[in-house]
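In what follows, every chain begins at residue 1, and chains take the letters A, B, ... in the order their sequences are listed.
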Amino acid sequence: MRTAVERARTDAVVSGVLPADQAPLPPVSIQRPARAEHGDYATNAAMQLAPVARIPPMRIAEALVTELQLPEAMGTAEVAPPGFINIRLEAGWVASQVGAILRAGTGYGRVPVEHPRSVNVEFVSANPTGPLTLGNARGAFVGDLLCRVLEAVGHRVTREYYFNDFNAQVRNLGLSVLARRTGDPIPEDGYRGEYVAALAASLPDDVWAAAATTSADAGEVLGRWASERVRTGIEESLDRLGVHFDVWTTEGSLYRDGWVERAVEELRKAGRVYEEDGAVWFRSSAFGDDKDRVVYRSNGQPTYFASDIGYLAQKFSRGFDELIYLWGEDHHGTVARNRAAARALGFDPESVHWLLMAWVRFVRDGTEVGMSKRAGEFVTLDELLEEIGPDAARWFFGSRATTTGIDFDIELAKRQSNENPVYYVQYAHARCCSILRNARERSVEASTADAAVLLRHPAEQALIRELLRLPEVLSDAAARRETHEVPKYCLEVAGLFSQFYRDCRVLTDDPEEARFSGARLALVDAVRLVLANTLGTLGIAAPETM
RNA sequence: GCGCCGGUAGCUCAGUGGAUAGAGCGUCGGCCUCCGGAGCCGAAGGUCGCAGGUUCGAAUCCUGUCCGGCGCGCCA
């Protein structure tokens with residue numbers, strides 16, 4: 001539709017209605033008007049052109065409408081003050097799309113982008129010092145949903161999980177296990193959760209012996225063992241959510257394989273690092289950061305940022321066209337230095353994106369509850385799933401913009417889980433299936449040919465028009481890397497289906513009404529398909545019965 | 001103090017410069033001879049934090065200001 005309007009604009013220039021001078025025109029923006037009398041699509045192209053062309057917008061709009069060539073029988077365009085062009089789809093064309101949707105089948109809505117990219121999406125990446133908590137829930141759901149949407153438009157996605165395997169946190173975990181085992185007090189920076197006691201209790205004899213006898217620090221030995229146990233548990237929790245990672249990368253591997261060393265060396269050659277106060281600094285301020293950052297401390301130890309730099313190089317070396325980092329907003333202070341490093345290493349800044357998720361504030365009946373692994377005060381992701389189920393949880397986190405802070409009331413979520421809109425959508429899907437089952441029993445067959453001819457009822461037309469939005473909903477979500485529109489769309493479809501169901505009887509003994517059965521059955525099948533495709537993209541079940 | 005993100009209906013949140021600002025939940029009032037009532041219809045409920053500005057048009061962009069969250073380490 002956009003290209004049709006853009007072509008009309010070019011044609012208007014050619015035919016001399018619009019002046020031919022100036023630089024590239026902005027892309028035409030197409031809206032979906034809120035009000036039905038404004039048609040199915042609208043564009044403000046004429047009003048945007050008016051100041052440039054110095055011609056009244058209404059005149060330009062008239063000219064564009066004249067040049068606008070819509071495919072045969074698709075629709076009509078008209079001008080509305082102060083210069084909108086409203087495009088109205090023909091009812092017959094709309095009705096004929098039921099057949100097109102059904103022919104596209106499970107591929108419907110998944111319109112491939114022009115240039116598919118190989119995208120690495122890193123998310124969750126919680127250190128394995130304790131089970132995943134509600135604090136990690138948002139990242140897990142949002143990240144996986146983003147991946148699914150990117151895949152839906154044809155990108156190749158790698159889901160990646162990054163974690164520390166040797167630092168102080170892991171050692172603290174080991175020392176905490178040790179303390180639990182020996183009965184000593186848990187160290188200051190230790191972990192106090194019950195899971196630590198469980199780890200201590202299940203410590204195999206050989207690990208315990210190794211910790212007691214090796215020259216190495218017992219905290220390190222036990223930490224290594226405990227964190228791997230915890231990591232396995234995290235993977236199992238994520239499996240239960242339906243989130244499966246392709247690659248697990250450890251911080252240690254970036255050093256073992258020389259990525260950090262090589263990347264820093266490259267920066268050194270480029271003259272981007274220097275020594276001061278015995279430490280090695282990266283001149284990130286030359287690339288937009290507030291100040292320069294330490295890469296190697298004066299004691300020779302690399303900083304966390306050093307790992308980040310090596311990791312950037314490691315990821316790009318694997319051939320990705322684009323990297324996406326999904327971080328909590330508490331990390332936003334480190335974005336600038338990472339972006340600086342990417343630029344200094346010569347990577348296209350447009351090919352790396354850091355998406356920040358706003359904080360989730362957890363409350364229980366109005367008062368805030370902490371989420372601290374160290375203090376052992378947290379609600380685990382597994383507990384959340386037991387309470388409200390993966391579909392409701394996915395819906396909750398999936399339907400909010402990542403920049404929005406969320407108040408998550410655990411008790412309220414439990415109480416309202418039965419009222420969660422996700423069930424309304426699943427119900428609509430189940431109802432479609434039920435109608436289709438009944439039709440088979442009665443030997444009523446869907447007919448897309450009838451659909452094209454007969455579906456003129458307002459409820460039918462509104463429903464089909466909504467089904468036609470799916471491709472653009474997915475494309476927009478993928479392009480914006482914001483996916484919360486998808487659940488909302490689902491809800492719209494379910495709502496319009498309910499209205500259709502009320503107004504238009506599909507299966508009936510009334511001979512007058514029965515002539516619509518085949519056409520409406522085709523529409524029901526198309527709704528079922530769209531809901532199944534959309535729920536599938538959300539990672540939510542599309543049940544045939546409830 | 002500086003920086004980033006928010007402030008929209010009772011609650012939780014959509015709203016990518018457009019036309020009369022929306023949804024879910026909650027509240028109130030209706031609807032079960034009929035394909036699934038986990039449903040449908042209707043109503044109430046808003047100075048879009050506040051004040052200026054930009055323009056044909058601002059919840060959206062700019063400036064200031066208030067409130068909240070987060071960040072500002074040779075921590076991660």
Side-chain angles (χ1 to χ4, degrees), chain A residues 29 31 33-35 37-38 42-44 47-48 50-51 56-57 80-84 86 127 129 164 167-169 251 276-281 290-291 293-308 328-336 356-361 395-396 399-409 412-413 415-416 418-428 430-439 441-442 444 476 479-480 482 484-485 487-488 491-492 494-495 498-499 501-510 513 517 520-521 524 545-546:
Chain A
S29 80
Q31 291 99 43
R35 302 171 59 78
E37 69 234 47
H38 297 140
T43 179
N44 58 357
M47 286 180 286
Q48 289 184 327
F84 287 105
N86 294 327
N127 282 333
T129 53
N164 305 134
N167 66 12
Q169 289 187 31
E251 188 181 16
E276 192 174 296
D277 301 332
V280 177
W281 298 69
D290 296 340
K291 48 186 167 184
R293 306 290 173 177
V294 171
V295 180
Y296 287 102
R297 304 181 184 105
S298 48
N299 67 7
Q301 290 299 306
T303 61
Y304 189 82
F305 178 47
S307 310
D308 283 347
E329 71 167 348
D330 54 337
H331 284 72
H332 80 250
T334 63
V335 171
L356 300 175
M357 284 174 303
W359 219 232
V360 182
R361 191 171 157 270
W395 187 278
F396 181 87
S399 38
R400 283 146 172 84
T402 50
T403 51
T404 301
I406 298 181
D407 278 2
F408 189 95
D409 189 320
L412 200 63
R415 247 179 278 133
Q416 289 185 349
N418 289 334
E419 307 300 326
N420 191 300
V422 72
Y423 298 116
Y424 179 73
V425 176
Q426 291 182 320
Y427 180 74
R431 186 184 252 172
C432 288
C433 293
S434 169
I435 295 173
L436 290 163
R437 274 194 304 272
N438 292 341
E441 271 172 34
R442 294 168 173 238
V444 178
D476 287 355
R480 291 178 61 197
E482 268 285 7
H484 60 280
E485 192 69 18
K488 209 178 148 210
L491 199 56
E492 292 291 331
S498 288
Q499 290 171 35
Y501 177 83
R502 179 196 67 219
D503 294 340
C504 303
R505 185 134 190 115
V506 180
L507 304 174
T508 176
D509 296 325
D510 178 350
E513 197 79 358
S517 288
R520 287 172 177 168
L521 200 57
V524 170
T545 60
M546 293 188 72

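- In this structure A/R431 satisfies the salt bridge (charged side-chain N to carboxylate O under 4.0 Å, His left out) test with no other residue, sequence neighbours excluded.
- Within the shown strands, B/rU12 is the pairing partner of B/rA23 under the Watson-Crick or G-U definition, both distances less than 3.5 Å.
- Looking at residues two or more places apart in sequence or on another chain, you find a side chain to side chain contact (heavy atoms under 4.5 Å, CB included) between A/E37 and A/R35.
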Heavy-atom protein contacts under 4.0 Å, nucleotides 53-62 of chain B, coded B base, S sugar-phosphate only, - none: ----------
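- Under the rule for a side chain to side chain donor-acceptor pair (under 3.5 Å), the partners of A/E513 that lie at least two apart in sequence or sit in another chain are A/R520.
- Under the side chain to side chain donor-acceptor pair (under 3.5 Å) criterion, A/H484 pairs with A/E482, sequence neighbours left out.
- Listed by chain and number, the residues in a side chain to side chain donor-acceptor pair (under 3.5 Å) with A/N44 are A/S29 (sequence neighbours excluded).
- If you check every strand for non-hydrogen atoms under 4.0 Å, A/S434 touches a base.
- A/T129 contributes no side-chain N or O that, together with a main-chain N or O of A/Q169, makes up a donor-acceptor pair within less than 3.5 Å.
- A/D509 meets the salt bridge (charged side-chain N to carboxylate O under 4.0 Å, His left out) test with A/R442; sequence neighbours excluded.
- Residues passing the side chain to side chain donor-acceptor pair (under 3.5 Å) test with A/S498, sequence neighbours excluded: A/Y424.
- Among the atoms of the strands shown, none is found under 4.0 Å from any heavy atom of A/C432.
- Between the C1' atoms of B/rG24 and B/rU60, the separation comes to 23 Å (whole Å).
- In the interface, the side chain of A/H484 is not paired with the base of B/rA14 through any donor and acceptor atom under 3.5 Å apart.
- A search for side chain to side chain contact (heavy atoms under 4.5 Å, CB included) contacts involving A/E492 returns A/E466, not counting sequence neighbours.
- Comparing B/rG36, B/rG24, B/rA14 by their nearest atom to the side chain of A/A401 picks out B/rA14.
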Using nucleotides 71-76 of chain B, report all nitrogen or oxygen pairs with the protein that are shorter than 3.5 Å.
{"unit_1": "B/rG73", "atom_1": "OP2", "unit_2": "A/K291", "atom_2": "NZ", "d": "3.2"}
{"unit_1": "B/rC74", "atom_1": "O3'", "unit_2": "A/R297", "atom_2": "NE", "d": "3.2"}
{"unit_1": "B/rC74", "atom_1": "O2", "unit_2": "A/S298", "atom_2": "N", "d": "2.8"}
{"unit_1": "B/rC74", "atom_1": "O2", "unit_2": "A/S298", "atom_2": "OG", "d": "3.1"}
{"unit_1": "B/rC74", "atom_1": "N3", "unit_2": "A/S298", "atom_2": "OG", "d": "3.1"}
{"unit_1": "B/rC74", "atom_1": "N4", "unit_2": "A/D277", "atom_2": "O", "d": "2.8"}
{"unit_1": "B/rC75", "atom_1": "OP2", "unit_2": "A/R297", "atom_2": "NE", "d": "2.4"}
{"unit_1": "B/rC75", "atom_1": "OP2", "unit_2": "A/R297", "atom_2": "NH2", "d": "3.1"}
{"unit_1": "B/rC75", "atom_1": "O3'", "unit_2": "A/R297", "atom_2": "NH2", "d": "3.3"}
{"unit_1": "B/rA76", "atom_1": "OP1", "unit_2": "A/R297", "atom_2": "NH2", "d": "2.4"}
{"unit_1": "B/rA76", "atom_1": "OP2", "unit_2": "A/R297", "atom_2": "NH2", "d": "3.2"}
{"unit_1": "B/rA76", "atom_1": "OP2", "unit_2": "A/Y304", "atom_2": "N", "d": "3.3"}
{"unit_1": "B/rA76", "atom_1": "O3'", "unit_2": "A/N164", "atom_2": "OD1", "d": "3.0"}
{"unit_1": "B/rA76", "atom_1": "O3'", "unit_2": "A/N167", "atom_2": "ND2", "d": "2.8"}
{"unit_1": "B/rA76", "atom_1": "O2'", "unit_2": "A/Q169", "atom_2": "NE2", "d": "2.7"}

Atom pairs, N/O to N/O, protein against nucleotides 39-45 of chain B, distance under 3.5 Å?
{"unit_1": "B/rC40", "atom_1": "OP1", "unit_2": "A/Y424", "atom_2": "OH", "d": "2.5"}
{"unit_1": "B/rC40", "atom_1": "O3'", "unit_2": "A/R502", "atom_2": "NH1", "d": "2.7"}
{"unit_1": "B/rC40", "atom_1": "O2'", "unit_2": "A/R502", "atom_2": "NH1", "d": "3.1"}
{"unit_1": "B/rC41", "atom_1": "OP1", "unit_2": "A/R502", "atom_2": "NH1", "d": "3.1"}

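- Residues passing the ring pair (Phe, Tyr, Trp, His ring centres under 6.0 Å) test with A/F396 are A/F408, sequence neighbours excluded.
- Within 3.5 Å, no donor on the side chain of A/N420 pairs with an acceptor on the base of B/rA38, nor the reverse.
- In this structure, B/rG1 forms a base pair with B/rC72, meeting either the Watson-Crick or the G-U wobble geometry with both donor-acceptor distances under 3.5 Å.
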